[in-house]
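For reference, the structure is listed below as structure tokens.
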Amino acid sequence: MHKVFISYHHYKDQYYKERLLELNSTSNVFIDASVDTGDISDDLDDIAIRQKIRDEYLRDSTVTILLLGTETNNRKHIDWEIYSSMYDGTVNKKSGIIVINLP
């Protein structure tokens, strides 16, 4: 079973993440390895947040699902999450990426 990192706009697209997880709960296709709201302190600077995402969430995932909504391009960490998913580093290996266009 794949560990999946879900990249999305937490405020605008939380509903769609919850529906995706709801569908997964009946079929158990993947293990959710994504960041939930409140998991990472807002007091951290961008570099620390990105390091935490990379080392604690992306590290063990093999697939990244991007929930692409109307405001996704305005999120400062999503582009970095996608880049990190495509980068084949010594600790974090490259992941597959699936993009789901949201209504």
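Side-chain atoms of D32 and N24, non-hydrogen and from C-beta on, never get closer than 4.5 Å to each other. Annotation: side chain of T70 is not in contact with side chain of K12 (no heavy-atom distance under 4.5 Å).
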Candidate pair I47 and R50, rule side chain to side chain contact (heavy atoms under 4.5 Å, CB included), full reasoning
CA-CA 5 Å; I47 293 171; R50 290 173 178 179; 6.0 Å; no
For I97 and M86, what are the C-alpha separation, side-chain angles and deciding distance, and is it a side chain to side chain contact (heavy atoms under 4.5 Å, CB included)?
CA-CA 8 Å; I97 298 177; M86 294 187 302; 3.3 Å; yes
Checking side chain to side chain contact (heavy atoms under 4.5 Å, CB included) for the pair H9/N74: CA distance, chi angles, key distance, verdict?
CA-CA 9 Å; H9 185 300; N74 296 325; 5.9 Å; no
Apply side chain to side chain contact (heavy atoms under 4.5 Å, CB included) to L66 and I82, showing your working.
CA-CA 8 Å; L66 172 62; I82 300 304; 4.1 Å; yes
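Residue K94 qualifies as open at atom NZ: its count of foreign heavy atoms under 6.0 Å is 12 or below.
Considering CD1 of I49 and CG of D42, their distance stands at 6.5 Å, rounded to 0.5 Å. Rounded to the nearest 0.5 Å, atoms CD1 (I6) and OG (S61) are 10.5 Å apart. In this structure, the separation between CD on Q51 and CD1 on I40 is 11.0 Å, given to the nearest 0.5 Å. The distance from atom CD1 of I31 to atom NZ of K3, rounded to the nearest 0.5 Å, is 6.0 Å. Within the model, atoms CG of L68 and CG of L102 stand 6.5 Å from one another, a figure rounded to the nearest 0.5 Å. Note that the CD atom of E81 and the CG atom of L58 stand 6.5 Å from one another [nearest 0.5 Å].
Follow the hydrophobic side-chain contacts under 4.5 Å out from V99 and you never reach L20; the two are in separate clusters. Residues Y16 and I98 fall within the same hydrophobic cluster, defined by Ile, Leu, Val, Met, Phe, Trp and Tyr side chains chained together at heavy-atom separations under 4.5 Å. Criterion: ILVMFWY side-chain heavy atoms under 4.5 Å apart, direct or through other members. Under it, I100 and V35 are not part of a common hydrophobic cluster. Placement of Y87 and F5 in two distinct hydrophobic clusters is found when ILVMFWY residues are connected by side-chain heavy-atom separations under 4.5 Å, directly or transitively.
With T72 as reference, D13 is the one residue of L67, D13, D79 to meet the side chain to side chain contact (heavy atoms under 4.5 Å, CB included) rule.
Salt bridge D39/K52: absent, no basic N to carboxylate O contact under 4.0 Å.
Nearest heavy atom pair, residue Y57 against residue A33, reads CD2-O, 3.4 Å. Closest of all the heavy-atom pairs between N28 and M1 is O-CE, 3.3 Å.
Of the possible donor and acceptor atoms, one in the side chain of S25 sits under 3.5 Å from a partner among the backbone N and O of E22.
Between H10 and Y8, the angle of the ring planes stays under 30°, which puts this pair in the parallel group of the 30/60° scheme.
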